[in-house]
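All remarks here apply to the structure that follows.
Quick note on labels: first sequence line is chain A, next is B, and so on, each numbered from 1.
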There are 4 protein chains.
Amino acid sequence: MESQRPMRADARRNRERILQTARQAFATEGLGVSLDEIARRAGVGPGTVHRHFPAKEALIEEVLTEHLASLTEQARQAVRTDRDGSAFFPFLHSLISEARAKQDLADALSQADVKLSERTQETALHLRQAFGELLVRAQEAGTVRTDVDAEDVQAVVLGALTAERQNPTPDRPGRMAAVVLDCLLPEGG
Amino acid sequence: MESQRPMRADARRNRERILQTARQAFATEGLGVSLDEIARRAGVGPGTVHRHFPAKEALIEEVLTEHLASLTEQARQAVRTDRDGSAFFPFLHSLISEARAKQDLADALSQADVKLSERTQETALHLRQAFGELLVRAQEAGTVRTDVDAEDVQAVVLGALTAERQNPTPDRPGRMAAVVLDCLLPEGG
Amino acid sequence: MESQRPMRADARRNRERILQTARQAFATEGLGVSLDEIARRAGVGPGTVHRHFPAKEALIEEVLTEHLASLTEQARQAVRTDRDGSAFFPFLHSLISEARAKQDLADALSQADVKLSERTQETALHLRQAFGELLVRAQEAGTVRTDVDAEDVQAVVLGALTAERQNPTPDRPGRMAAVVLDCLLPEGG
Amino acid sequence: MESQRPMRADARRNRERILQTARQAFATEGLGVSLDEIARRAGVGPGTVHRHFPAKEALIEEVLTEHLASLTEQARQAVRTDRDGSAFFPFLHSLISEARAKQDLADALSQADVKLSERTQETALHLRQAFGELLVRAQEAGTVRTDVDAEDVQAVVLGALTAERQNPTPDRPGRMAAVVLDCLLPEGG
DNA sequence: GATGAATGAGTATTCATTCAT
DNA sequence: TATGAATGAATACTCATTCAT
């Protein structure tokens, strides 16, 4: 039922600019950035932000959901092309490397007071499902330990992201994440 | 060097109560809790909070530094009693299990806008040093991979804490953390 | 004198719908209702409201003037058919009973910040004149005290309306108004 | 249970100034006046207004309740000194003449969206009770019609106030109110 | 030293009005 | 003409910090 007549060109443009600005701002400075500030940086009035996102939570949610949806799409793409379970680790690495830039995800999750709407949770579920497929194949191929499930992997990825952020080692980006992800190798690995 | 005349007994008591209240509040509700609220819960006036901690950051820092100092003390204790490098993993686990209760550490660190003062960084360094000793012994004993240093381990611990928090599995507390910490095992482990 | 070319049919229709919606909304919810909300309920865009009524005050005024004009028409009708001064009280009662439904009049007047335009004041004058004729006849017939003029009667009517609204007694509608209007009876009445 | 330790002198002073400013502002300009504006005029910061009256409604209510309480006190005083039922009309007149200055009461009541708290309603009840005693005595003395009760009288007073305000006749203040109050005379009066 | 009242810059949100489509 | 997106000043309220008592 979402057809809603297509948005006017300028409206869509503004919406995009607000989202992009918010993404960047939340990533760099945390969720504390004020809507007025985001409006200013996006070059629109505060009322415009409010028209597109009636409350701050709606904007946060949208940034988050957009991110989750993009990750889900990537995961599904990986599922489609993976034949032998080898797509698992590369996918996790690309995920983390991307999230390093867009800091929003973990930030939002680590903030206790952000309630995830049903829509976001649904998107998160889809991501986990795609995740799960990659995981099962990798486990069948013997490249991932068998005592973890998709939810565990999600947690480990978040942990890897945290570790990577905590100790970035700029000359070897992704090193810390790689170390943590090693925990997913089979025991005799 | 200020003269630091010893604090009056009631002042010291107030300081302790404020710190304790803040620790609890930051842990449970995040850093967003207002100073007025902390003052109220501690049973003092907001002016008293300000006398002891001239700015909110100072209070946050103190909570954090106290925690780091306590961890450092534990680490040194472990160093003193460890003979064969076997103290490493138990120490990490106790660390994480304690942090799970006192949520402040990781929260504060994950919040971009908290700048760590020199004093805090010094305390963190001490912790890392004690950490390092445990680590080296464990590496010499062959129970920890040799391509990580103390800073790496700190990052991994934070990652493990994050993962644990993300996917708590209440019937098996610490399971997620344990999974992540497996990444520190030697390759042929 | 603008040329006032007759409005296009759809424009006139929109204007009517907006007025009707505004009347209802102002009556039910007070003058605080937003123009956007009125536009939405009328099924037009906010721009359309603005085209017909360049400012909110203009819309309020129009609602008010329309009402006054309708009352004036009723008063003139009463004047035309009244032969013996007996039309006075029934007219006042019908006025009040109608106003009870359309709450706008007194509301708008009781709100200090609404300035009445010349046009509205002119309409109010017309009403008072028609009023006056009824009044004089009634006074000549000895059914109304002689120390009040048309303006006084208008004030008393507003007072009666206020009293009626303040203490509605649903099982005997108009009772409070009737009590207040008794003050217009001749002293020996 | 209201002992609460006496308020500090400066706090009480500020509270009084805010109340006085609000009374004046609400009376002159209606309830739409902003809290910031009231703060400015009272010479305090907006935060101070908020400390004393946590929400705008609380301030409105306090102004209103104060007024009702003062009226109640006057009514009780009249009850104490009235021996023959002759205090009734003078009291109503003094009430109206006072209310003409402090416009708040009727304004607030005519604004649909103000919900009266229990405390205010209780004060209004007390007023009505004192009112009622004066009324009964006057009715027994034969100076007031017997088909009205205290609630009716309250409504009539509000109506008289409205009429007076609508048609002030500055050279004969109170004339309009007097006209309306005549409706309370006994029929053969 | 402790108290808690005062400050005032800052936040999210609303809405009359303007203007591009 | 109609639409509805954009504007931006304004509003109620919050809270770290200051300061009189």
Side-chain angles (χ1 to χ4, degrees), chain A residues 5 7-15 18 32-40 43-59, chain B residues 7-12 14-15 32-40 43-59, chain C residues 7-11 14 32-40 43-59, chain D residues 5 7-15 18 32-40 43-59:
Chain A
R5 122 169 14 187
M7 206 177 266
R8 240 167 62 181
D10 56 345
R12 174 165 297 283
R13 201 161 44 240
N14 273 335
R15 199 188 134 92
I18 292 166
V33 185
S34 80
L35 291 189
D36 282 21
E37 182 59 23
I38 288 173
R40 206 185 53 69
V44 303
T48 304
V49 173
H50 188 252
R51 159 169 282 268
H52 289 288
F53 307 97
K56 190 174 187 178
E57 287 222 326
L59 177 53
Chain B
M7 215 174 261
R8 251 167 51 178
D10 58 343
R12 171 164 302 281
N14 273 338
R15 199 189 133 92
V33 185
S34 80
L35 291 190
D36 281 20
E37 183 58 23
I38 289 173
R40 203 184 56 71
V44 303
T48 305
V49 173
H50 190 249
R51 156 162 292 270
H52 288 289
F53 307 97
K56 190 174 189 179
E57 288 220 328
L59 176 55
Chain C
M7 216 174 261
R8 252 167 52 179
D10 57 343
N14 273 338
V33 185
S34 80
L35 291 188
D36 282 21
E37 182 59 23
I38 288 173
R40 203 185 57 70
V44 303
T48 304
V49 172
H50 190 249
R51 156 162 293 271
H52 289 289
F53 307 97
K56 190 175 189 179
E57 287 221 327
L59 177 55
Chain D
R5 122 166 20 185
M7 208 176 263
R8 240 167 61 180
D10 55 345
R12 173 165 298 282
R13 202 160 44 240
N14 272 336
R15 198 189 135 92
I18 292 167
V33 186
S34 79
L35 291 189
D36 282 20
E37 181 60 21
I38 288 173
R40 207 184 52 69
V44 304
T48 303
V49 174
H50 188 253
R51 158 171 284 266
H52 289 287
F53 307 97
K56 189 175 188 177
E57 287 222 327
L59 178 54

What's the separation between atom OG1 in C:T48 and atom CG in C:D10, rounded to the nearest 0.5 Å? 10.0 Å
Check whether any side-chain nitrogen or oxygen of D:N14 sits under 4.0 Å from OP1 or OP2 of E:dA6, and answer yes or no. yes
Need the pair for F:dA20. Rule: Watson-Crick or G-U wobble, both distances under 3.5 Å, any strand; none if unpaired. E:dT3
Sub-4.5 Å side-chain heavy-atom contact between D:I38 and D:L59: yes
Report the distance from atom CZ of C:R40 to atom P of E:dT14, rounded to the nearest whole Å. 14 Å
Interatomic distance, A:L59 CG vs E:dT11 C1' [rounded to whole Å]: 15 Å
Residue matched to F:dT11 through Watson-Crick or wobble contacts both under 3.5 angstrom: E:dA12
Roughly, in whole Å, what's the span from CD in A:E37 to C1' in E:dA9? 14 Å
Once each nucleotide of nucleotides 14-21 of chain F is scored for protein heavy atoms under 4.0 Å, what B/S/- sequence comes out, 5' to 3'? BBSSB-B-
Side chains of D:D36 and D:R40 in contact at under 4.5 Å (non-hydrogen atoms): no
Could you pull out the closest heavy-atom pair between A:K56 and A:V33, with the gap in Å? NZ-O, 2.9 Å
Separation of E:dT3 C1' from B:H52 NE2 (nearest whole Å): 12 Å
